[in-house]
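Naming: A, B, ... by sequence-line order, numbering from 1 per chain.
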Amino acid sequence: MSAQSGRAFVYGDGINTDMLAPGIYMKHPIATIAEHCLESVDPDFARNVKAGDVVVAGQGFGIGSSREQAAEALKHLGVAAVLARSYGGIFYRNALNFGLPVLVCADVGQIGMGDLISVDAATGAVHNKTRGVALAASPLPQFLLDMIADGGLVPHLEKRFAAQRAAAGA
Amino acid sequence: MAMTLAEKIVARAAGRERVTPGEIVTCAVDLAMIHDSGGPRRVAPILKRFGVGLWDPSKVVLISDHYVPAGDDETRRIGEVTRQFAAENKLGGFYDSEGICHVVLPERGHLKPGMFVVGGDSHSPTGGAFGAYMFGIGATEMAGVLATGEIWLSVPETIEIEWRGKFGPCVVAKDVMLFLCGQLGMEGGRTQAVHFRGEAIGALPMQERMTLSNMTAELGGQTGLCDPDETTAAFIRAAGAEPGDIAQWQSDADAAPSEHHRFDASALSPQVAAPHSPANAAPVADHGRVKIDVAHIGACTGAKLVDLRMAASVLKGRKVDPGVSLLVAPASRRDQEAAANEGTLQILVDAGATLLPNACGMCAGYNGTLAENVTCISSIARNFKGRMGTASANIYLGSPYTVAASAVRGRICDPREMLS
């Protein structure tokens with residue numbers, strides 16, 4: 001998987017699922033939920049974020065609910081990766097299932113709002129191009145990289161079921 | 001080699017003799033619980049893409065509790081999709097508007113010690129109270145489970161939290177969990193297995209243990225186990241099921257947890273968490289006498305029969321302060337019926353409580369919300385900004401005792417001032 005490059009959107013600790021996917025919008029399609037993603041923290045986030053950008057945060061990113069729209073909204077807005085000191089356990093799995101690389105990175109303090117950064121999920125290499133510094137994140141294990149490379153859990157399992165059908169038919 | 005309860009369950013589900021914390025295993029799922037929000041409306045389209053049905057419909061339980069009752073066209077449609085899914089599949093159980101999934105699942109005898117269970121909701125650790133390894137996952141991952149019957153897991157470490165001695169009056173499981181969130185933080189559980197032990201835990205009834213396990217979600221654990229015992233077995237039998245071999249599902253005496261925390265139950269006082277995090281917990285007196293507009297007793301965390309009884313013991317012969325709305329949403333229809341039959345419900349109503357549907361309701365901010373700028377004290381699990389649907393609301397968390405006492409005073413109040 002090649003490195004992703006984009007602008008950093010930097011937030012603090014405890015960015016929870018009620019901020020990422022507010023409950024009152026949960027009955028609506030993902031496009032609507034995504035418009036309100038992080039609005040209680042940064043009202044302009046959904047409008048400003050572009051495909052390839054990276055969300056950077058502190059401790060406990062995605063703590064709270066199992067609602068996977070918290071991860072799906074970021075994916076829908078084109079976020080290419082998330083870097084945080086730590087994650088809520090369910091959010092972490094949800095993000096990977098949507099093919100969104102979420103990396104544990106202790107060096108997030110060296111990334112400022114709007115910095116241009118690149119992230120390589122396979123090696124954990126993070127490059128802050130604006131500041132010219134190389135940072136490190138924990139790389140993801142191979143079986144999760146394979147799932148992300150397929151586009152997430154659904155296409156990954158689609159491949160598996162198609163292979164099973166082909167084998168059964170052969 | 002000695003194993004913890006969590007390791008024993010995971011090893012069995014993974015078809016292994018032993019497992020080591022940190023290794024990745026694939027586990028066979030014994031039961032999958034889904035609800036109306038993350039369930040059929042999200043998993044059915046994915047199963048269609050896969051071109052497969054449910055791996056084993058008898059191991060799937062569906063419970064409608066989030067969009068109950070339906071309030072508009074979108075939520076009515078969600079209800080229809082949910083009922084249609086139940087009609088098309090011979091599920092192990094379908095409970096529509098019978099109460100909140102985490103309470104209904106064990107109430108109907110679906111859980112027993114040693115099971116490996118996934119739930120499509122973050123409060124799924126509640127099942128850990130029965131000595132089952134139960135944890136929450138998202139809807140896409142659930143679709144994968146429903147199609148394959150399997151899920152990957154990083155074998156958890158065990159974090160033991162021991163409570164010695166005896167809890168004092170008006171000090172309950174909710175206070176334990178708020179205290180632990182304050183002490184260890186919302187990531188104290190590190191997505192590992194939290195295991196509640198000690199004589200103070202063993203003395204708790206099942207629904208109180210469920211509150212401990214339930215709020216393991218706020219403590220950041222993947223599940224929250226309690227040791228299965230005669231209390232567990234009796235609850236399961238009363239639910240019409242067989243508890244199985246309780247003795248088999250115990251940690252080995254020489255098993256080594258990765259962390260061990262020990263607390264003195266008698267030293268704990270009623271706790272309240274200030275906005276906007278359960279980790280902002282402190283003894284109730286530390287918050288000052290904050291004036292409240294709404295007192296809310298609801299959710300899987302805080303409106304089971306045992307919780308309604310706590311509130312009633314405070315409210316008996318008292319009236320809610322005229323400036324406060326006391327809202328009570330009993331967690332299941334059966335618990336509400338039991339509360340009605342024994343007189344508990346009448347005490348709440350006589351004190352001035354307004355009853356809400358047996359559903360998640362305001363807790364998830366999905367159905368019914370707090371008004372702007374109100375200050376609320378609630379028995380729910382989580383007080384994140386906007387949690388109850390309104391970002392300007394200030395939500396304090398406390399036990400049903402503390403919520404009820406605060407409703408009477410009109411201010412946040414130590415329930416021991418009224419019951420001692």
Side-chain angles (χ1 to χ4, degrees), chain A residues 13-30 32 36 39-41 59-72 85-99 141-144 147 152-162 164-165, chain B residues 24 37-38 41-42 46 49-52 66-67 71-72 74-75 77-78 119-124 135-144 147-148 151-152 154 185-187 189-192 217-218 220-222 276-277 279 360 363-367 369 382 384-391:
Chain A
D13 294 337
I15 298 295
N16 63 56
T17 50
D18 285 274
M19 296 168 175
L20 290 160
I24 46 173
Y25 304 111
M26 281 291 292
K27 64 187 175 186
H28 297 297
I30 191 62
T32 308
H36 300 279
E39 71 181 0
S40 65
V41 183
Q59 301 276 359
F61 190 86
I63 54 171
S65 162
S66 67
R67 61 183 76 151
E68 63 184 7
Q69 289 91 333
E72 192 182 10
R85 289 187 204 275
S86 62
Y87 294 92
I90 303 177
F91 172 87
Y92 181 78
R93 294 181 73 114
N94 285 343
L96 297 170
N97 288 333
F98 275 102
Q142 191 57 46
F143 83 103
L144 291 176
M147 185 174 78
L153 181 66
V154 172
H156 185 66
L157 283 178
E158 265 182 325
K159 249 169 84 172
R160 174 169 147 188
F161 285 121
Q164 281 174 3
R165 271 191 289 272
Chain B
I24 305 286
S37 180
R41 70 167 173 147
R42 291 190 63 88
I46 300 174
R49 272 181 72 174
F50 291 159
V52 300
H66 276 60
Y67 292 113
D72 56 22
E74 282 98 349
T75 52
R77 189 187 59 77
I78 292 169
D121 190 275
S122 63
H123 285 110
S124 299
F135 61 105
I137 58 175
T140 296
E141 184 135 49
M142 181 59 82
T148 65
I151 190 165
W152 69 269
S154 172
M186 289 194 71
E187 292 183 276
R190 298 186 291 109
T191 320
Q192 308 301 318
E218 280 58 49
Q222 186 168 49
H276 299 284
S277 170
C360 305
C363 175
Y366 281 37
N367 238 14
T369 61
R382 212 173 267 162
F384 293 156
K385 194 170 185 172
R387 173 70 184 175
M388 297 173 82
T390 316

Does any N or O in the side chain of A:N97 come within less than 3.5 Å of the main-chain N or O of A:L153, such that one atom is a donor and the other an acceptor?
no

Between B:T75 (side chain) and B:G71 (backbone), is there a donor-acceptor pair under 3.5 Å? yes

Heavy-atom distance under 4.5 Å to chain A: side chain of [X], backbone, both or neither?
{"X": "B:S122", "answer": "both"}
{"X": "B:A143", "answer": "neither"}
{"X": "B:A279", "answer": "neither"}
{"X": "B:R42", "answer": "side chain"}

Would you check if the distance from the ring center of A:H36 to the ring center of A:Y25 is below 6.0 Å? yes

Closest non-hydrogen atoms of B:M186 and B:S277, given as atom of the first, atom of the second and distance, are SD-OG, 3.6 Å

In terms of heavy-atom proximity below 4.5 Å to chain B, should [X] be classed as side chain, backbone, both, or neither?
{"X": "A:E72", "answer": "side chain"}
{"X": "A:F91", "answer": "neither"}
{"X": "A:Y87", "answer": "backbone"}

From the list B:I151, B:I137, B:I46, B:D121, side chain to side chain contact (heavy atoms under 4.5 Å, CB included) with B:M142 holds only for B:I137

> Given side chains that start at C-beta, do those of B:W152 and A:R93 come closer than 4.5 Å, heavy atoms only?
Replying inline: yes

Distance col, row B:E218:CD vs B:R382:CZ, nearest 0.5 angstrom, shows 4.5 Å

Looking at chain B, which one of [options] has the largest number of heavy-atom pairs inside 4.5 Å, strictly under?
{"options": "A:T17, A:V154, A:L96", "answer": "A:V154"}
{"options": "A:E68, A:Q69, A:H156", "answer": "A:E68"}
{"options": "A:R67, A:H28, A:M19", "answer": "A:R67"}
{"options": "A:P22, A:S86, A:S40", "answer": "A:S86"}

If you apply the rule side chain to side chain contact (heavy atoms under 4.5 Å, CB included), what do you find for B:F384 with B:H276, and how did you get there?
CA-CA 5 Å; B:F384 293 156; B:H276 299 284; 5.6 Å; no

Side-chain ion pair, B:D72 and B:R77, N-O less than 4.0 Å = no

One option among B:G38, B:G144, B:A139, B:A391 has the most heavy-atom pairs under 4.5 Å with chain A, and it is B:A139

In terms of heavy-atom pairs under 4.5 Å with chain A, the winner among B:R41, B:E74, B:R49 is B:R49

